[in-house]
Amino acid sequence: MRTQVGIIGAGPAGLLLSHLLHLRGIESVVLESRSYDYITSRIRAGLMEQNTVDLLNEVGLAKNLNKVALPHDGVQFTFDGVLRRINMQELIGRRVTIYGQQLIVKDMADIRERVGGEILYEAEATQISNLESKPSITFIHSGQEQTLECDFVAGCDGFHGLSRPSVPGNLRKDFDRVYPFGWLGLLISAVPPSEELVYCHSPTGFALFSMRSEEVTRAYLQVRPNESLENWSEDRIWSELRGRLGQHDGLSLVEGEILQKVITPMRSWVSEPMQYGNLYLAGDSAHIVPPTGAKGMNLAIADVCVLSRGLIDFYQNNNWHYLNSYSETCLRRVWRAEHFSWWMTTMLHRFYDANPFDHKRQIAELHTVFDSDAGSRLVAENYAGLPLEPWQP
Ligand code: FAD
Ligand code: DHB
């Protein structure tokens with residue numbers, strides 16, 4: 001089998017890349033180890049930056065999104081007994097949008113399928129060879145080992161994929177931070193406490209109230225590292241959700257059936273450079289952020305814009321400029337998102353080993369940022385997202 005760009009992984013990064021390349025007549029094949037049903041029902045991210053939504057509109061991927069997504073002009077924070085709202089629309093003229101990651105993955109996969117795009121499901125890449133000349137990807141599909149020959153490999157296979165470890169260890173530098181807590185993610189059949197997201201700092205830990213629709217709440221609770229789901233009875237969940245939200249005018253917790261509970265660890269990670277030979281890493285395969293800043297999927301999409309521009313310029317104009325600067329261009333944004341995600345995480349979570357000084361300092365920081373227009377604007381600019389690079393030359 002042969003194609004121009006071999007893409008490993010049908011997450012937001014891999015699928016968007018194959019769509020953008022298709023728009024400019026470049027062929028690709030996407031290899032995905034999971035099934036179509038699995039990737040289009042896996043509940044993960046929900047929050048899209050303004051630029052992400054604008055891009056999806058520009059490239060014809062936002063038809064369903066525009067019908068059901070929930071745009072938000074503001075975002076709310078509670079701490080120290082107060083509720084603060086940042087009006088992003090007023091401060092910076094941009095907003096954020098809630099649309100489940102599994103829905104955008106489905107939209108992209110279905111559009112690729114409709115125009116004859118090749119996505120092989122249940123096809124696990126097992127080896128990438130010849131990265132310095134004409135690469136090939138070995139994969140197992142329907143029990144058979146096969147090979148995909150290509151000009152370039154896009155490693156869009158997430159944090160546990162094969163692409164990052166295919167960069168020789170002596171040429172790669174990894175930057176890592178593990179946080180001493182995780183998130184218990186809940187999907188609840190109940191009206192969300194507010195029409196907007198609420199990020200809560202509280203003495204018993206962080207909580208986030210988001211949503212998937214007007215009737216479905218998506219909530220997250222900070223839990224101890226290596227926490228077991230068995231320790232989280234429904235009674236304990238409701239008591240923590242209620243306690244961490246606190247009492248504020250306009251916010252009310254409605255109980256409902258808990259449809260899903262999952263615990264996720266929290267980590268920051270960057271692998272540099274994001275390119276080796278003809279292998280380009282994009283999205284979670286190169287970097288992950290703790291989810292507090294809602295940056296992971298948005299960053300994956302930002303990488304893909306840079307990569308598609310490079311590949312299009314190469315195929316159309318035989319120009320390597322954007323491919324040669326791919327890693328450097330992406331890493332500038334990646335590190336800013338790493339900083340923002342780390343900042344939101346450390347400012348809003350309870351550190352279990354914090355002493356009373358640390359606690360008072362954290363409360364003071366929250367007032368410094370959220371009682372101030374300048375502080376709120378800084379949060380809004382980063383939360384609603386920095387401008388994207390153009391996806392074509
Ligand atoms: P992935 O989505 O991980 O896709 C990689 C794909 O590669 C997978 O489908 C996998 O099956 C496949 N694969 C792996 N190995 C192989 C192989 N060997 N062969 C073939 N296929 C392979 N981000 C936001 O922007 N906003 C949010 O609100 C947000 N909230 C989040 C909340 C939680 C609880 C979590 C866990 C994450 C959140 N994120 C958020 C992060 C976001 O989900 C990820 O950053 C995003 O999925 C990254 O996309 P990706 O395409 O790089 O990788
Ligand atoms: C969601 C997840 C996040 O990590 C976040 O910061 C905001 C929203 C969500 O799943 O809706």
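Position 1 is the first residue of the sequence; numbering continues from there. On a predicted model such as this, the values are computed, not experimentally measured, just so you know. No hydrogens, no waters, no symmetry mates; every other heavy atom, side chains included, goes into these values. When a ligand or atom number is given, it counts from 1 through the structure's own listing order.
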Problem set entry | Distance in Å, Leu197 CG paired with Ser210 OG, rounded so as to fall on 0.5 Å steps | 4.0 Å
Exercise. Hey, is atom 35 (C) of ligand 1 under 4.0 Å from any protein heavy atom?
Worked result: no
Exercise. Using heavy atoms and a threshold below 4.0 Å, how should the contact between Ile8 and ligand 1 be classified: side chain, backbone, both, or neither?
Worked result: side chain
For this session: Evaluate the ring planes of His22 and His19, with Trp represented by its six-membered ring, and classify them as parallel (under 30°), tilted (30 to 60°) or perpendicular (over 60°).
Result: tilted
Exercise. Would you say ligand 1 has an N or O under 3.5 Å from any N or O of Asp284?
Worked result: yes
Seminar exercise, completed: for atom 1 (P) of ligand 1, nearest protein heavy atom and its distance come out as Arg44 NH1, 3.7 Å
Problem set entry | For atom 12 (C) of ligand 1, closest protein heavy-atom neighbour | Glu32 OE1, 3.3 Å
Problem set entry | Near-ring test His367/Phe79, centroid separation under 6.0 angstrom | yes
For this session: Identify whether the distance between the nearest side-chain nitrogen and carboxylate oxygen of Glu227 and Lys261 falls below 4.0 Å.
Result: no
For this session: Kindly confirm or rule out an N or O of Met297 lying under 3.5 angstrom from an N or O of ligand 1.
Result: yes
Problem set entry | From CD (Gln222) to CG (Leu184), nearest 0.5 Å | 11.5 Å
Seminar exercise, completed: ligand 1 atoms nearer than 4.0 angstrom to some heavy atom of Arg34 are 11 (O)
Seminar exercise, completed: Glu195 meets the side chain to side chain contact (heavy atoms under 4.5 Å, CB included) criterion, sequence neighbours left out, with none
Seminar exercise, completed: Contact region, Ser285 to ligand 1, non-hydrogen atoms below 4.0 Å, reads neither
Problem set entry | Nitrogen or oxygen of Asn298 less than 3.5 angstrom from that of ligand 1 | yes
Problem set entry | Residue part near ligand 1, for Gln101, under 4.0 Å between non-hydrogen atoms | side chain
Contacts table for ligand 2: protein N or O within a distance under 3.5 Å of ligand N or O, distances only.
{"unit_1": "ligand 2", "atom_1": "4 (O)", "unit_2": "Pro291", "atom_2": "O", "d": "2.7"}
{"unit_1": "ligand 2", "atom_1": "6 (O)", "unit_2": "Tyr199", "atom_2": "OH", "d": "2.8"}
{"unit_1": "ligand 2", "atom_1": "6 (O)", "unit_2": "Pro291", "atom_2": "O", "d": "3.0"}
{"unit_1": "ligand 2", "atom_1": "6 (O)", "unit_2": "Thr292", "atom_2": "O", "d": "3.4"}
{"unit_1": "ligand 2", "atom_1": "10 (O)", "unit_2": "Arg212", "atom_2": "NH2", "d": "2.6"}
{"unit_1": "ligand 2", "atom_1": "10 (O)", "unit_2": "Tyr220", "atom_2": "OH", "d": "2.6"}
{"unit_1": "ligand 2", "atom_1": "11 (O)", "unit_2": "Ser210", "atom_2": "OG", "d": "2.6"}
{"unit_1": "ligand 2", "atom_1": "11 (O)", "unit_2": "Arg212", "atom_2": "NH1", "d": "2.8"}
{"unit_1": "ligand 2", "atom_1": "11 (O)", "unit_2": "Arg212", "atom_2": "NH2", "d": "3.4"}

Exercise. Taking the inter-plane angle between the rings of Phe181 and His349 on a 0 to 90° scale, is it parallel (under 30°), tilted (30 to 60°) or perpendicular (over 60°)?
Worked result: parallel
For this session: State plainly whether the residues Glu196 and Arg85 are in salt-bridge range, i.e. N to O under 4.0 Å.
Result: yes
Exercise. Counting both backbone and side chain atoms, is some N or O of Gly46 under 3.5 Å from an N or O of ligand 1?
Worked result: yes
Exercise. Trp342 and Tyr179: aromatic ring centres closer than 6.0 Å?
Worked result: no
Exercise. Would you say Tyr220 contacts ligand 1, with heavy atoms under 4.0 Å as the rule?
Worked result: yes
Seminar exercise, completed: Interatomic distance, CD@Glu27 vs OG@Ser18, rounded to 0.5 Å, equals 12.0 Å
For this session: Hey, could you give me each pair passing ring pair (Phe, Tyr, Trp, His ring centres under 6.0 Å) that has a residue in residues 275-305? Not counting sequence neighbours.
Result: Tyr280-Tyr326
Problem set entry | Close-contact set for ligand 1 against Thr264 heavy atoms, below 4.0 Å | 36 (C)
For this session: Flag the pair Tyr322 / Phe314 as yes when their ring centroid distance falls below 6.0 Å, and as no otherwise.
Result: no
Problem set entry | Tyr220 versus Arg218, side-chain donor and acceptor atoms under 3.5 Å | yes
Problem set entry | Test of ring centre spacing under 6.0 Å for Phe340 and Trp335 | no
Exercise. Between Glu49 and Lys295, is there a side-chain N and carboxylate O pair less than 4.0 Å apart?
Worked result: yes
Problem set entry | atom 53 (O) of ligand 1: the protein heavy-atom neighbour that sits closest, reported with distance to 0.1 Å | Gly158 CA, 3.9 Å
Exercise. What's the spacing between Leu20 CG and Ile312 CD1 if we round to 0.5 Å?
Worked result: 6.5 Å
Problem set entry | Nitrogen or oxygen atoms of Pro12 and ligand 1 under 3.5 Å apart | yes
Problem set entry | Those atoms of ligand 1 less than 4.0 Å from some heavy atom in Gly161 | 15 (N)
Exercise. How does Asp157 reach ligand 1, if at all, at less than 4.0 Å between non-hydrogen atoms: by side chain, backbone, both, or neither?
Worked result: both
For this session: May I ask you to list the atoms of ligand 1 that are less than 4.0 angstrom from any heavy atom of Gly283?
Result: 52 (O)
For this session: Write out the residue and atom name of the closest protein heavy atom to atom 51 (O) of ligand 1, then the distance separating them to 0.1 Å.
Result: Ala13 N, 3.0 Å
Exercise. Any N or O of Ala125 that comes nearer than 3.5 Å to an N or O of ligand 1?
Worked result: yes
Exercise. For atom 29 (C) of ligand 1, what's the nearest protein heavy atom and its distance?
Worked result: Ala45 CB, 3.1 Å
For this session: Determine, using heavy atoms of Gly185 and all atoms of ligand 1, whether some pair is separated by less than 4.0 Å.
Result: no
For this session: Of the side chain and backbone of Cys156, name the one, both, or neither that has a heavy atom under 4.0 Å from an atom of ligand 1.
Result: backbone
Seminar exercise, completed: ligand 1 atoms nearer than 4.0 angstrom to some heavy atom of Glu124 are 18 (N), 19 (N)
Exercise. Below 6.0 angstrom between ring centroids: does that apply to Trp269 and Phe175?
Worked result: no
Seminar exercise, completed: Short version for Ala300: what comes under 4.0 Å of ligand 1, heavy atoms counted, is side chain
Problem set entry | N-O pairing of Arg112 and Asp107 below 4.0 Å | no
Exercise. Got a salt bridge between Glu389 and Arg309, using NZ or NE/NH1/NH2 to carboxylate O under 4.0 Å?
Worked result: yes
Exercise. Should Ile39 be counted as touching ligand 1, given the test is an N or O pair under 3.5 Å?
Worked result: no
Exercise. Any idea which protein heavy atom is nearest atom 20 (C) of ligand 1, and the distance to it?
Worked result: Ser33 N, 3.3 Å
Exercise. So which heavy atom in the protein is nearest atom 28 (O) of ligand 1, and how far is it from that ligand atom?
Worked result: Leu47 N, 3.0 Å
Exercise. Applying a 4.0 Å heavy-atom criterion (strictly less than), which segment of Arg42 is in contact with ligand 1: side chain, backbone, both, or neither?
Worked result: side chain
Problem set entry | Residues that, via side-chain heavy atoms closer than 4.5 angstrom, fall in one hydrophobic cluster with Leu386 | none
Exercise. In terms of residue, atom name and distance, what is the protein heavy atom nearest to atom 4 (O) of ligand 1?
Worked result: Gly11 CA, 3.4 Å
For this session: May I ask you to decide whether Asp110 forms a salt bridge with Lys106, counting only side-chain N to carboxylate O separations under 4.0 Å?
Result: yes
